[in-house]
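See below for the structure under consideration.
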Amino acid sequence: MVETCSTIVVGKERLYITTDDDIVAYDLGTGQTVFKFDSIPGRRMYPLRMSGGELIAYRESGNLSPAAVVSLDPLSRKETLLLLIGGTLDLVDVGDPTEDDVIYEHGIIYEHGRIYFATEALYGPGDKGEVGEETTVAIGYESVALSRR
């Protein structure tokens, strides 16, 4: 039983859900647990999307370890590093992706070697003539050192 799940990705034959720190794969036909991708202890992983037969996931940062985007192969269970996000993520305006309610309410998109953290809703001033506040809509990171997927 899954009590909380902040992200879900559906592949050709499996459903991937974040539980605790890991990503669990369920068979779409039977609903049974097939396997799980173990995360590094204390560094939660979130499935983002499928890329061919591989699962693209975001892994949060740890004490001295940067956040990362990884590709997870369901057949070999191997992890391939796609993008390291060094330093501290300054996501105050768009939300911290490691908080359950934020990952659901905000977008995390990985495309062409870049990751974007974005807010999904903007609110303007309530009355005509008022000036709204400046806000960050999205923050993006990319790496030119790793091969793009």
Quiz item: Rounded to the nearest 0.5 Å, what separation is found between the OG1 atom of Thr18 and the OH atom of Tyr58?
Solution: 12.0 Å

Quiz prompt | Common cluster, Phe35/Met50, ILVMFWY with side-chain heavy-atom separation under 4.5 Å | solution = yes

Self-check item: Gap between atom CG of Leu28 and atom CZ of Arg14 - 0.5 Å precision
Solution: 8.5 Å

Self-check item: For the student: nearest non-hydrogen atoms of Pro74 and Glu54, plus distance
Solution: CD-CA, 4.1 Å

Quiz item: For the side chain to side chain contact (heavy atoms under 4.5 Å, CB included) test, which of Met45, Lys36, Arg44 pairs with Asp22?
Solution: Lys36

Quiz item: Any side-chain heavy-atom pair from Thr80 and Asp73 closer than 4.5 angstrom?
Solution: no

Quiz prompt | Pairwise distance OG(Ser71) to CG(Leu82) - rounded to 0.5 angstrom | solution = 5.5 Å

Quiz item: Same cluster or not: are Tyr26 and Ile8 linked, directly or through other Ile, Leu, Val, Met, Phe, Trp or Tyr residues, by side-chain heavy atoms under 4.5 angstrom apart?
Solution: yes

Quiz item: Distance from Leu55 atom CG to Leu48 atom CG, nearest 0.5 Å?
Solution: 8.0 Å

Quiz prompt | Closest contact, heavy atoms only, Ser61 versus Ala67 | solution = CB-N, 3.4 Å

Quiz item: What residue among Val9, Leu72, Asp38, Ile17 forms side chain to side chain contact (heavy atoms under 4.5 Å, CB included) with Ile23?
Solution: Leu72

